[in-house]
Amino acid sequence: MTALTNRPTVAAAPAYARPSFFRHTAYLTLRQLRAVVRIPAFIVMNVVQPLIWLLLFGQLFTSVVDIPGFTGGDNYLEFLTPGIVMMMALFGSAWAGTSYIQDMDRGVMDRFLTSPTSRGAMMAATLVYQALLTLVQSLIVLGVAWLGGARFDGGLGGILILLLAAMLLTASFSALSNAAALLARNQNVLIGISQLITIPLMFLSSALMDTSLSADWVAEVARFNPFEWAVVAGREALGASPDWASVWGHLGLLAVFTAVLAWVATRAFRVYQRSA
């Protein structure tokens, strides 16, 4: 009894010594950013297709603004640019789960899940990483649009709100892609799901065309489309007289949508562990 009572006790680690959610998030984000630093062409590859769409569509459909009923202003390139930024964010985030597939194939995911690494940090790091990529790529698209003649009356404030909307859109669909990767654990399945989701969301929105010129049902469906929320928030913020109620309302919907999908994706770790 004496031996038990005299046994030395181990003092609890101070708070600063215990790994935290934010510390784990920072470490895991840096892990993914190092890959981009080693292969900077990755950023260029992701932005090439949106730039082609921007330059090609911006020249092909300049006369769209003359169609009666078009409410997107008198410069189609200015109308198109927010849609292209969101398209880039959507397509890039839809592939976010591929990094999880690679970690699964290499055994890295299992090592993370058997370590004290925070599950929430594992998810948050991916969302932060994808959002940072979107930020850089969006600035490139905006720069090219400016060189092409687009001018945005919303100024710096409007651009910042556009970037915020793009980053929220990226985070939400990155979470969805991660959840699909954890549940399917197959690259081909993830590709199929990504294509099934992204193409309809893009065309059922005002990214390329004012929905007032589309069928009534398209405009109605677009109201419930998270991609459209981001496009509307960004486009309104860049305008000369933004409808701020619409801007903040759509940003709020995006924020809630992102939080819900991040929670679902984090819970998907448990499903993955049980199935593994």
Side-chain angles (χ1 to χ4, degrees), residues 46-47 49-58 60-62 64-65 67 69-73 75-96 130-131 134 137-138 141-142 145 150 152 154 158-159 161-177 193-239 242-243 245-258 260-261:
N46 279 1
V47 81
Q49 184 178 14
L51 287 179
I52 292 175
W53 283 62
L54 179 71
L55 298 174
L56 185 61
F57 279 40
L60 285 176
F61 301 120
T62 53
V64 166
V65 297
I67 298 176
F70 182 82
T71 61
N75 187 314
Y76 182 69
L77 185 60
E78 294 173 3
F79 173 86
L80 179 65
T81 299
I84 295 298
V85 169
M86 300 310 166
M87 283 170 55
M88 180 183 59
L90 178 66
F91 292 154
S93 60
W95 293 88
Q130 292 292 337
T134 294
Q137 294 165 349
S138 298
V141 170
L142 288 170
F152 304 108
I159 290 175
I161 291 176
L162 172 76
L163 295 175
L164 174 60
M167 294 170 74
L168 284 173
L169 182 69
T170 296
S172 61
F173 282 93
S174 293
L176 180 61
S177 179
I193 293 173
S194 299
Q195 292 179 337
L196 181 65
I197 293 174
T198 55
I199 300 301
L201 287 179
M202 182 185 72
F203 285 107
L204 293 174
S205 75
S206 62
L208 303 178
M209 182 58 62
D210 189 351
T211 52
S212 63
L213 300 179
S214 306
D216 292 340
W217 69 268
V218 173
E220 185 64 24
V221 171
R223 292 176 52 212
F224 304 95
N225 182 351
F227 177 73
E228 172 72 353
W229 300 342
V231 172
V232 171
R235 186 175 287 142
E236 278 288 337
L238 290 177
D243 181 351
S246 175
V247 171
W248 296 118
H250 285 98
L251 286 177
L253 288 172
L254 269 177
V256 172
F257 184 67
T258 301
V260 170
L261 286 182

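Residue numbers run from 1 in the order of the sequence given.
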Practice task
Check step by step if side chain to side chain contact (heavy atoms under 4.5 Å, CB included) holds for I197 and L176.
Solution key: CA-CA 10 Å; I197 293 174; L176 180 61; 3.9 Å; yes

Problem - Side-chain heavy-atom pair V64, M209 within 4.5 angstrom cut-off - result: yes

Under 3.5 Å, which donor-acceptor pairs do the side chains of residues 199-207 form with other protein atoms, sequence neighbours left out?
{"unit_1": "S205", "atom_1": "OG", "unit_2": "M202", "atom_2": "O", "d": "2.6"}
{"unit_1": "S205", "atom_1": "OG", "unit_2": "A207", "atom_2": "N", "d": "3.2"}
{"unit_1": "S206", "atom_1": "OG", "unit_2": "E228", "atom_2": "OE1", "d": "3.0"}
{"unit_1": "S206", "atom_1": "OG", "unit_2": "E228", "atom_2": "OE2", "d": "3.1"}
{"unit_1": "S206", "atom_1": "OG", "unit_2": "R235", "atom_2": "NH1", "d": "3.0"}

Fill in the blank from the handout: Rounded to the nearest 0.5 angstrom, the CD1-CG distance for I159 and L164 is 14.0 Å

Handout entry: Shortest non-hydrogen contact between V141 and M88, atoms and distance
Key = CG2-SD, 3.9 Å

Fill in the blank from the handout: Between L254 and P226, the two heavy atoms sitting closest are CD2-O, 3.7 Å

Practice task
Indicate yes or no: at least one non-hydrogen side-chain atom of L162 is less than 4.5 angstrom from one of T81.
Solution key: no

Handout entry: Value rounded to 0.5 Å, distance of CG in L90 from OG in S194
Key = 9.0 Å

Handout entry: Heavy-atom closest contact (F79 atom, D210 atom, distance)
Key = CZ-N, 3.5 Å

Practice task
Please name the pair of heavy atoms, one in S177 and one in S93, separated by the smallest distance, quoted to 0.1 Å.
Solution key: CB-O, 3.5 Å

Practice task
Look only at the side chain of T198 and the backbone of F91, and say whether a donor-acceptor pair between them is shorter than 3.5 Å.
Solution key: no

Exercise for the section: Find out whether L77 and L54 are in side-chain contact, i.e. whether some heavy atom of one side chain is under 4.5 Å from a heavy atom of the other. Expected result: yes

Handout entry: Parallel, tilted or perpendicular: ring planes of F173 versus F257, cut at 30 and 60 degrees
Key = tilted

Problem - Test item: S174 side-chain N/O and A96 main-chain N/O as donor-acceptor pair under 3.5 Å - result: no

Fill in the blank from the handout: When rounded to the nearest 0.5 Å, the distance separating CG of L168 from CE of M86 is 9.0 Å

Practice task
Enter the distance from L163:CG to T134:OG1 here, rounded to the nearest 0.5 Å.
Solution key: 10.0 Å

Problem - Closest contact, heavy atoms only, V85 versus A166 - result: CG1-CB, 4.0 Å

Handout entry: Any F61 side-chain heavy atom under 4.5 Å of L80 side chain
Key = no

Exercise for the section: For the residue pair N75 and V65, establish whether any side-chain heavy-atom pair is separated by less than 4.5 Å. Expected result: no

Exercise for the section: Could you tell me whether the side chain of W229 and the main chain of R223 form a donor-acceptor pair under 3.5 Å? Expected result: yes

Completion exercise
Taking every heavy atom of I161 against every heavy atom of A233, the minimum-distance pair comes out as CG2-O, 4.2 Å

